[in-house]
Every structure is written in structure tokens, then in C-alpha cells.
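Throughout, protein chains are lettered first and strands after them, A, B, ... in sequence-line order, and every chain is numbered starting at 1.
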There are 2 protein chains.
Amino acid sequence: MPETTRRADRLTGNRYGNRPTMKDVAARAGVGLKTVSRVVNGEPGVTPDTERRVQEAIDALGFRRNDSARVLRKGRTASIGLILEDLADPFYGPLSRAVEEVARAHGALLINGSSAEDPEREQELALALCARRVDGLVVIPAGDDHRYLEPEIRAGVATVFVDRPAGRIDADVVLSDNYGGARDGVAHLIAHGHRRIGFIGDMPRIHTAAERLRGYRAAMEDAGITVAERWMSLGATDPERVRRAAEEMLAGPDPVTAVFAGNNRVTVTVVRVLAERSRRVALVGFDDFELADLLQPGVTVVAQDSAALGRTAAERLFRQLDGTLIAPERIELPTRLVTRGSGELPPTD
Amino acid sequence: MPETTRRADRLTGNRYGNRPTMKDVAARAGVGLKTVSRVVNGEPGVTPDTERRVQEAIDALGFRRNDSARVLRKGRTASIGLILEDLADPFYGPLSRAVEEVARAHGALLINGSSAEDPEREQELALALCARRVDGLVVIPAGDDHRYLEPEIRAGVATVFVDRPAGRIDADVVLSDNYGGARDGVAHLIAHGHRRIGFIGDMPRIHTAAERLRGYRAAMEDAGITVAERWMSLGATDPERVRRAAEEMLAGPDPVTAVFAGNNRVTVTVVRVLAERSRRVALVGFDDFELADLLQPGVTVVAQDSAALGRTAAERLFRQLDGTLIAPERIELPTRLVTRGSGELPPTD
């Protein structure tokens, strides 16, 4: 079956097509059905050479044992997987909880894992969850090549990417408007009189970091401001790195009068650095965070709706499983500027 | 084999004993090995009656298909499961990350799920992870009866409870000193001159909430203070409930001059309520939280080391799997009072 036909096939109730069967594996490996069954079920009585042939056929066809009938019979619950980037980043809390609520509404369990921003680990975890027969995966990708998921997708695993797009495969993606949000946040600082505005962001290979930097550059260009290289710092978001970046921008003969912080991890460290200084420096952060309104001044943020990201992605996943979707889409959710004081401070130079 | 012998059996390299085999299932069900294999692998050719008999034998023996050889052969990775209470509670972030780091150091993947404080959901999730062949479970329990795990434990699944103890089974448990920490925090308020001190905590059926209330009562009793019923409020930690509780204690003819907040979810709402008032009310919270030091005043807390809880539990889990543990233990980690201003305010009545 050609790829395009398979993806559009509505008869199977799933746009991702028919699962290959044990019969297909047996035919491809040139062995009997019983032999395939033995290999799949880890039973003895198969020579290493035959096992290798069967395993190659399994890999080539993307065969997965379809246990749904057995699962139902034993009263086990369906499940979906969620791959996060960092278990301790509060941004992912509401997103995870939203995915979980949608899963529960569909009678499915959610199981999570973290890639720790490591593409290899993301792949290992995604395939481990597939091997444990999740019906679908919501992925916050660390890597930029997801072709490793193609056999799983062909075998019927629903897949939605969230927060960052998939790489090199055609998949459902739910994103925030990172570019537009950052552009609005920086334009807000410019509207309050700032021209020397710093940008501190995450590693540039991360989609959201790159998009937010692009938004910063666009807002500066729109205002006719030439950006100095030393106003921009991209890298890991650990407190030490961010602190150093902020202190460098705030020092020297022409220090920045405002900072745009590229995510909530950056913002909390910049808040800390600014609290130690007497000079008032304006701040707008990407991402809202708990207690931002109770700091003095309150922290102005470009808020993403992280619960809506999770909910939209999970609902899309279940629509894939229902077979009611035709083709992958890219969905972009708006951000919202929340003014609280720190972003409305005037320049002090 | 009697229960006690099985649990202490060191020859198997696992204190939790020998796994039952397909042969044991076949013998108990009075069928052939092939029939058991068919049922286990969801293959056709078994009558419903026979299938029911085999399933009963599987349940009675706690049989789980031991796929470890197969898993290794296919290059799949070992895994452990972590059951949390709430994916969005920041207290669990460092705990989860610590469990994950220990898992990784042992070459295992971590998969998580959330019980959402629902005992049924905890059970469903724990059994679902076992069915997906995790080697062990770290559980933050929502329920108080964990006998449902006994067949899994007998079948070789390592199990450690963390943050709260297991119910009705003998298991490894890693806890914070909730009683001592709360007692110290309340004694700190008393030492600063407070006598009318409120306690706002989580639902009393939750072990940590009950222990912290017990610590509050002990500190008050030690100081010879009779606690008024209206100074204590236990219930859900949603902002509406906590706000109402705080406002009631702060109103009336004899309002509290200090509040002890039973966990980080309670503390952030109490901070919010106090920020709206002109009268200065002292506050000590159980659990540290991000930005507590940057609020004005800084928030004095009884800090748990949530990363150490996770690390200790996970290390204990792998020692169970290594077979180097003899018997379950209860490990209690100390808390630490961190003074930042809010807990050192004098009474204002």
C-alpha cells in the first residue's frame, strides 16, 4: 500500500492505517505462523538464525502485537504516554494535568516520562512506552528528528507533538505563538521608552527559544533599534549561567535598561539578580509563574496557556484514535500580555 | 512455601521470593502448559471455561510473564514506575527528578503517573504499570490499603513508599519528620510571642496532614496553650477553601496573630490573603517553595528535602532489586527551619 493511501485510509477507522499482522511477518520472514508466535511471545524452540529473520521482518513491517482484545478481556485499562522535557519545570505541571484529565475522560491512564532535554533519551523513552503498548503519545520533543517513530505510527500509535514541533515527520503539532508573544512583550518595553533591551533565552537549538529570539529581533527592528550582540544571551537556563548573562548586560558603559526573559526558569533568576540592585531595571518574562503578582514590583509576563496546550494536544490524540482526523495539522495558541509593574518601569539612564 | 520463608529467601537474590512459573499455573488450573501459554498470549483455541480457570490460577498465584530475557534480547530497557499524587504540585518536581536520576544511574527508565489523590486511581495505575512490566514501583500513596500489591510484590516487583507510609502491608517507607518539623515551626512562632496560632492543613486522612497537626498540637501543649477549635482547619488545599479558612481565623474578636500553613499549596494562598491586609500576621509554612525568599517579608518555612526523599526511596528500590536488603524499613529524614522574616514577626494585638 503506498504511503499516501495508507495515511488517508478511512475504512480502518484510523488515518494511520492498517496494522501489519503476524501473518504478514510470517510471510516476510518465510516461516510459519507458529514460529512468529514463539518469537513474539519469547517461547523456546526457535533457532537464533530464525529468530533473527523474524525479528528483522517485525522491524521492517513495524509489527506490534495487538493486545487490545486481551487487554479488554483482562480488565486492563487503555493508556497514553506523555514525554516531558523536565519533571521539575513548573510550566509542565498544568500541561501534564490537562493531558491527564482528557485521558481520564476517555477512560485511559496517562503515563509520563522525562527526556531531560536529551534527544536519545526521548527516543528511548518513546519506544519504551510503545513497547509497553500505549495507544498514543503526546511528545514535548527534545530532538529534531522523529523518523524513529514512523514504524510505531504506521502500527497505529497516535502521536501529537506539543510545545515544540516534530522533526522530519508529518505530525500533529500544538504550539504557543512564541514569535508573536515575544514580539509583543518586547514592543511593550519599547513603548515604555526602552531602547537598550536585553534578551536572555534558552539554547537556540530549542524551537521555542529560537522563535522567541526571532520575536525580540522583529520588535527591535520594527522600532528601528539596532541590536548589539552583547544584549543577547542564549544558553542553558541554570541559575549560574543566567545570572552571569544578566550581570554582564547590566554592567559596562551602556547597560541595558530592560530585560526580556525567554522562559520562566530565566525569569526567576533575573528577578533574583534585579532584587539585589538599587537601579530599577524593567523586566518582561515569557511564561507566567506562581506568585509573580506578589513580588515587588509584580512581574509582567507573556503568559502561555499551558493547560490549553495539553488539553488541545490530548484531545487531538483521541481524535486520531477515534479515526476522525484526516491529516496532521499545526495548531497555534495565542499568548497574553499580563502587566503587573515590572514591564512598565521607565528607563533609568 | 510459607510467607515468612519466601520473604526471607536470599538464595533467589530477592527477598520478595521466587516468581511463580507457567508450570505452576498449569498445575493449579489442571491444564497443559500449552493452554496456559495460549491464555497468557491471547491466542485462540481455548474455551471460555478453561480460560476462566487459567485466569483464576494466574490471579491466585500472582503469576506474571517474566519477559526479562526477551526484553534484554530485544535491547529494551528496564524500567521503574513512580506514582505521584499531583503532577502540578511543585513539591514533587525535585522528588521525581531525583528518582529519575537514580533510575538512570542504574540504566533504567522512569515512568510516572498521578493518582490525583484517589485511592482507586492509585491502584489502577500501580497495577497498570506492573502489567507493563516495571521492575519496581516508588509510590506516594493516596490510599491506606495496599494489599492489592501483594501478588505483584510476591512476583518480584520491588516496592518503596515515599512521603506517606504504606497501608496494611509491610513495605519500605521513606518519610520526612512531619511531626517534628511542624512542632519546631509552631514552637518558633510561640518563641516570638504568639499564643493564638492557626493551623491550616490538608485533609486529615492524609498521613502528612495528620502528623503535622499532631506536631502543632504538641508544640501548643508544650507551651501550655489551650487550642481553640476555630484555630484549626483541615480540608482540601484548593485556594478557595484555604482562603475561607484563613479569613475566618483572622476575623472575630480574638483573631489569630500567626498562621502555620500545613503545606506549600496552603502557604501560597495564605501569603496571598495576608498580602491584602494591613495588620501584620506571622506565617510559617511547611515545605519550601520557589521565590519564598523574595516575597516581602520573606516566608519562613519548615523545609523538607524532597530530592533526598526521592533519592533515598529510589536507591532503596534498586537495593531490593539487587537482593541486598533483608527486611522492610521505615526511614525518616529530618526537616530544617529556614527563617526569612514572616515567622519572626511579633504579635500585633
Side-chain angles (χ1 to χ4, degrees), chain A residues 37 39-43 51 55 58 65-67 69-71 73-74 76-79 81-82 84 86-90 92-101 104 109-114 116 121 124-125 127-129 131-134 268 271-272 275 289-296 307, chain B residues 37 39-43 51 55 58 65-67 69-71 73-74 76-79 81-82 84 86-90 92-101 104 109-114 116 121 124-125 127-129 131-134 268 271-272 275 289-296 307:
Chain A
S37 168
V39 172
V40 166
N41 294 314
E43 289 166 16
E51 188 188 332
Q55 194 57 58
I58 286 171
R65 219 171 49 172
N66 184 345
D67 282 7
R70 192 163 68 95
V71 166
R73 204 166 58 222
K74 292 198 178 165
R76 287 192 195 144
T77 317
S79 65
L82 168 62
L84 297 169
D86 179 357
L87 295 171
D89 184 337
Y92 298 115
L95 190 158
S96 308
R97 196 147 66 176
V99 172
E100 190 191 28
E101 278 162 10
R104 195 178 314 184
L109 285 169
L110 174 66
I111 55 186
N112 296 308
S114 157
R121 199 155 175 87
E124 186 183 28
L125 192 57
L127 295 178
L129 293 178
R132 284 163 181 79
R133 294 193 282 284
V134 292
V268 296
V271 164
R272 216 165 269 286
F289 58 99
E290 189 164 69
L291 302 172
D293 57 323
L294 289 187
L295 295 170
Q296 292 176 1
Chain B
S37 168
V39 172
V40 167
N41 295 313
E43 289 165 16
E51 187 186 334
Q55 193 58 57
I58 285 172
R65 220 173 47 174
N66 183 346
D67 282 5
R70 193 162 68 94
V71 166
R73 205 165 60 223
K74 292 199 180 165
R76 286 190 195 146
T77 317
S79 64
L82 168 63
L84 297 169
D86 179 356
L87 295 172
D89 183 337
Y92 298 115
L95 192 157
S96 308
R97 195 146 66 173
V99 172
E100 191 191 28
E101 278 162 11
R104 195 178 315 185
L109 285 169
L110 174 68
I111 55 186
N112 297 309
S114 158
R121 198 153 175 87
E124 185 182 27
L125 192 56
L127 295 178
L129 292 179
R132 284 162 182 80
R133 294 193 282 286
V134 292
V268 297
V271 164
R272 216 165 269 287
F289 59 98
E290 189 164 72
L291 301 172
D293 58 323
L294 289 187
L295 296 170
Q296 291 176 5

Exercise: identify the closest heavy-atom pair between A:Ser96 and A:Leu110: O-CD2, 3.9 Å

Picking from B:Ala116, B:Ser114, B:Ala275, which has the most non-hydrogen pairs under 4.5 angstrom with chain A? B:Ser114

Take A:Arg132 and A:Ser79, measure what side chain to side chain donor-acceptor pair (under 3.5 Å) needs, and give me the verdict at the end. CA-CA 9 Å; A:Arg132 284 163 181 79; A:Ser79 65; over 6 Å; no

Chain A contacts, top residue of B:Arg104, B:Gln296, B:Glu100 (heavy-atom pairs, under 4.5 Å): B:Arg104

A:Phe289 portion near chain B, given a 4.5 angstrom heavy-atom threshold: side chain

Can you name the residues that form a side chain to side chain donor-acceptor pair (under 3.5 Å) with B:Glu290, not counting sequence neighbours? A:Arg265

Proximity breakdown for B:Arg121 and chain A, heavy-atom pairs closer than 4.5 Å: side chain

Could you work out, with side chain to side chain donor-acceptor pair (under 3.5 Å) as the rule, every residue matching B:Arg97, not counting sequence neighbours? A:Asp86

